Engineer: 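Got a structure here, written out as structure tokens. Questions coming.
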Amino acid sequence: NAGVIQTPRHKVTGKGQEATLWCEPISGHSAVFWYRQTIVQGLEFLTYFRNQAPIDDSGMPKERFSAQMPNQSHSTLKIQSTQPQDSAVYLCASSWTGGVYEQYFGPGTRLTVL
Amino acid sequence: GDSVTQTEGPVTVSESESLIINCTYSATSIAYPNLFWYVRYPGEGLQLLLKVITAGQKGSSRGFEATYNKETTSFHLQKASVQESDSAVYYCALGSNTGNYKYVFGAGTRLKVIA
């Protein structure tokens, strides 16, 4: 089992450019989560899919951020017109469906917006 | 809203000494909280250390233990004798047993164990 895979591991973009982050959950897991980690805000929830359907995107900034899960083997987080304040480590996690099951985290994508 | 507060780091402890990292939670929108401790060792990803999904129960792993106390809304992490290899960042997390399974994390506590 390869664990949760995230690509790229590091991404540098210029202000105003688009960034797409990829996540491949553990095979068989039906829940996928995205979190963002910064020094100031810590680890904060962004969005959550269950069986590919969006369940909660309450943590997503209303503009410029979007997430999709087109199939059970990958999810994407897209940030349009990136800004320096978007610089963070973006973590993807997956789990079996059900709160009793823990989330398994990927290594994260470090996004730097210049 | 839901929140988690944990011991502010960094925490420095001498090897073989005892450790406690405090964690308290507020679960205003979660009927049945689940509690987790995650750890990030240097150069590694976030991994589960232990979890408890039933109030009053204790979880343990790698010499660490934590008891889910519903009365005091606490889930403190303890270890009787730390080792240098325990140096890491520890995160307390609050989840739900039903509905939305997202986590609310504490700010993390950096632990340094010195020889």
Side-chain angles (χ1 to χ4, degrees), chain A residues 1-7 9-10 23-26 29-51 53-60 67 75 77 88-110, chain B residues 1-10 23 25 27-55 57 59 61 66 68 75 88-110:
Chain A
N1 193 331
V4 176
I5 298 172
Q6 290 189 250
T7 55
R9 294 293 305 277
H10 303 274
C23 170
E24 180 179 332
I26 292 173
H29 282 186
S30 51
V32 172
F33 305 81
W34 285 95
Y35 296 87
R36 175 170 66 179
Q37 184 167 28
T38 61
I39 298 293
V40 175
Q41 297 294 331
L43 266 163
E44 50 181 353
F45 167 78
L46 293 176
T47 189
Y48 156 44
F49 295 86
R50 188 163 69 220
N51 296 321
I55 302 299
D56 181 358
D57 67 353
S58 60
M60 293 276 274
S75 174
L77 180 68
V89 177
Y90 290 83
L91 293 170
C92 177
S94 71
S95 76
W96 300 105
T97 298
V100 300
Y101 300 107
E102 64 269 25
Q103 295 177 24
Y104 292 79
F105 284 81
T109 295
R110 181 176 295 278
Chain B
D2 305 317
S3 65
V4 174
T5 303
Q6 61 181 101
T7 299
E8 187 173 337
C23 171
Y25 67 90
T28 56
S29 69
I30 300 174
Y32 302 99
N34 294 338
L35 295 166
F36 306 84
W37 277 102
Y38 278 80
V39 59
R40 177 179 280 137
Y41 297 104
E44 299 185 16
L46 201 59
Q47 56 186 277
L48 180 72
L49 178 61
L50 57 86
K51 70 177 184 183
V52 180
I53 62 172
T54 304
Q57 298 297 309
S61 173
Y68 178 169
F75 190 55
V89 182
Y90 293 81
Y91 296 90
C92 184
L94 168 68
S96 174
N97 203 24
T98 59
N100 193 326
Y101 305 128
K102 68 182 181 185
Y103 286 168
V104 176
F105 281 95
T109 301
R110 182 176 298 277

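Letters A, B, ... mirror the listed sequences (proteins, then strands); counts begin at 1. These figures come from a predicted structure and were not determined experimentally. What you see below is based on every heavy atom in this structure, not just the backbone, and it leaves out hydrogens, waters and symmetry mates.
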Engineer: Could you tell me whether B:Arg110 atom CZ has more than 12 heavy atoms of other residues or ligands within 6.0 Å of it?
Structural biologist: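 Open.
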Engineer: Around atom CZ of A:Arg50, are there more than 12 heavy atoms from other residues, nucleotides or ligands closer than 6.0 Å?
Structural biologist: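 Count over threshold, so yes.
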Engineer: Given side chains that start at C-beta, do those of A:Pro107 and B:Glu44 come closer than 4.5 Å, heavy atoms only?
Structural biologist: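 In short, these two side chains do not touch, never coming nearer than 4.5 Å.
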Engineer: What's the verdict on side chain to side chain contact (heavy atoms under 4.5 Å, CB included) for B:Tyr101 and A:Tyr101, showing C-alpha distance, side-chain angles and the deciding distance?
Structural biologist: CA-CA 9 Å; B:Tyr101 305 128; A:Tyr101 300 107; over 6 Å; no
Engineer: Pick out which of A:Tyr35, A:Tyr104, A:Phe105 makes a side-chain contact (heavy atoms from CB on, under 4.5 Å) with B:Leu46.
Structural biologist: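 Exactly one candidate clears the test, A:Phe105.
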Engineer: Would you say the side chains of B:Tyr91 and A:Gln37 form a donor-acceptor pair under 3.5 Å?
Structural biologist: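 Present: a donor and an acceptor within the cut-off.
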Engineer: Determine the option with the most heavy-atom pairs under 4.5 angstrom with chain A, choosing from B:Phe36, B:Tyr38, B:Tyr103.
Structural biologist: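 Ranked by contacts with chain A, first place is B:Tyr103.
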Engineer: What part of B:Lys51 lies closer than 4.5 angstrom to a heavy atom of chain A: side chain, backbone, both or neither?
Structural biologist: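 Side chain only.
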Engineer: For atom CD of B:Glu8, is the number of surrounding heavy atoms from other residues, nucleotides or ligands below 6.0 Å larger than 12?
Structural biologist: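 Check fails, neighbour count at 12 or below.
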Engineer: What distance separates A:Thr47 OG1 from B:Lys102 NZ, expressed to the nearest 0.5 Å?
Structural biologist: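 The NZ atom of B:Lys102 is 9.5 Å from OG1 of A:Thr47, to the nearest 0.5 Å.
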Engineer: Looking at B:Asn100, B:Leu48, B:Ile53, B:Asn34, which one has more heavy-atom pairs under 4.5 Å with chain A than the rest?
Structural biologist: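 Option with the greatest count: B:Asn100.
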